[in-house]
Amino acid sequence: MTMQWRMLMGQRAQQMSSSIIREILKFAQQPDLISLAGGWPAAGLFPVEDLADACREVLSGASEAALQYGVTEGYAPLRRTLAEMARAKGLPVDEGNILVTSGSQQALDLVGRLFIDPDDVVLVERPTYLGALQAWQAYGARFVSVPVDDDGMDVAAAEAVIAKHHPKFVYVMPNFHNPAGVTLSLARRRQLLELVRRYGIALVEDDPYGDLRFEGEDVAPLYALDAASLAAGDPGSVIYMSTFSKTLAPGLRLGWIIAPAEVAQRLAKAKQGADLHTASLCQVLANEYCQRGLLGPHIEEIRATYRERRDALLAALARHMPPGVRWTQPQGGLFLWLSLPEQVDSLKLLEDAIAAKVAFVPGTAFYADDGGRNAMRLTFASTPPALIDEGIRRLALVLKKHMEAVNA
Ligand SMILES: Cc1ncc(COP(=O)(O)O)c(C=O)c1O
């Protein structure tokens, strides 16, 4: 009898989706295609020499810690380093609040494991990070959403949605949002905290891009704002997460969660069943790299490159795009969001764009519902300025043809 694998799989398997971005990336491997699609940091910016040097030191010195099993919570010196970095951002935490994860994608998954029962509601932004939807769909989450504008999540719209749907938590990307590129204003951060406290629900603050600011002032993390106004004994409402993926290298698969101690402990239990602990070698290496004082200067360096590429993308859009197309003005991060005239379908546009050797991610990939048809995400991260201009020139040509066709 032929094995019927599908029949054996649990209900969860039906809820797992594959990322359209990963499908697009397959095309994006063509050598002459200019990809403004993938969310990958620029490989040319990885600090290879410094990492190699730190790695040699780690393997000759702290080799046992690097090669042996470790504790689930994470390598203690790295947790202390992360706590120190967090305190510098105004989060009043110590290592007891920190759980090292295998990328912040695992942080999202662990939050799902701990909090989501089938049919529980999660409030997300429109658009939102596709990986969070994928992670939580697998636990049977239902999504409700509120729009994003130039100041981030529309918090005023969130209240009615919370009152109606009683979500377990709100998921927000406060800095240089993926995909929208926008930043949640300080006033809205305060309003959002007031709201989640009033309704007794949690707030998941996903911050992979906060260190990649090119201009303007840092805005206080929601975790820090929350902690600053807590009454004695109140553990706070926020779970914060970040990652080394965009500042150092995603191949390390190193992220972390910062949470009230009781939540951090529970998340560690959830992690134990998933992978015992995050790779020791990567943790010890990242800690050595940070302790050598290399991270700050490295971030300065990559910011300069990303700023130059962001400027090139903004200039190219202004130069080539037809009237009726709008885009966000990111002050940091890796992404920008392009809104097209109502009738243009970015999925259809993508086929022609790939034929014209330029790629982007259609807006629909970032919606929990069927929104985003006339929008797209562009990244400037991995493309040198001259190629960005050529890519946008090609894209604008294809787009003009589509606009003419739908207006005909
Ligand atoms: C908003 C957001 N959260 C989480 C992740 C996952 O990052 P990683 O697992 O590499 O830390 C990403 C990656 O693109 C992201 O954009």
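Side-chain atoms are counted along with the backbone in the values below, which use heavy atoms only and exclude waters and symmetry mates. Ligands are counted one by one from 1 in listed order, and the atoms in each one are counted from 1 as well.
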Among non-hydrogen protein atoms, atom 13 (C) of ligand 1 lies closest to K246 NZ, 3.3 Å
Least distance between heavy atoms, N374 atom then E342 atom: ND2-CA, 3.5 Å
Among all protein non-hydrogen atoms, which one is nearest to atom 5 (C) of ligand 1, and what is the separation to 0.1 Å? Y129 OH, 3.4 Å
Contact summary for A381 and A42, nearest pair of heavy atoms: O-CB, 3.5 Å
Is the F214 ring parallel, tilted or perpendicular to the Y306 ring (thresholds 30°, 60°)? tilted
Note the single closest protein heavy atom to atom 7 (O) of ligand 1, along with its residue, its atom name and the distance in Å. S104 OG, 3.3 Å
Under a heavy-atom criterion of less than 4.0 Å, does R253 contact ligand 1? yes
Hey, mind stepping through F360 and S346 against side-chain contact (heavy atoms from CB on, under 4.5 Å) and telling me if it holds? CA-CA 9 Å; F360 59 85; S346 63; 4.1 Å; yes
For ligand 1, which atoms, with element, lie under 4.0 Å from some heavy atom of G103? 9 (O), 11 (O)
Can you find a heavy atom in the side chain of V148 that is under 4.5 Å from one in the side chain of V182? yes
Assess P208 for proximity to ligand 1: is some non-hydrogen atom of it under 4.0 Å away? yes
Have H298 and D50 got a donor and an acceptor in their side chains that come within less than 3.5 Å? no
To the nearest 0.1 Å, how far is atom 16 (O) of ligand 1 from its closest protein heavy atom, and which atom is that? Y209 OH, 2.6 Å
Do me a favour and list the nearest non-hydrogen protein atom to atom 10 (O) of ligand 1 with residue, atom name and distance? S245 OG, 2.6 Å
Under 3.5 Å, N or O to N or O, is Q106 touching ligand 1 that way? no
Return the residue, atom name and 0.1 Å-rounded distance of the protein heavy atom closest to atom 3 (N) of ligand 1. D206 OD2, 2.6 Å
Just one of Y209, W327, F380, W40 clears the ring-ring contact (aromatic ring centres under 6.0 Å, His included) bar with F335, so which one? Y209
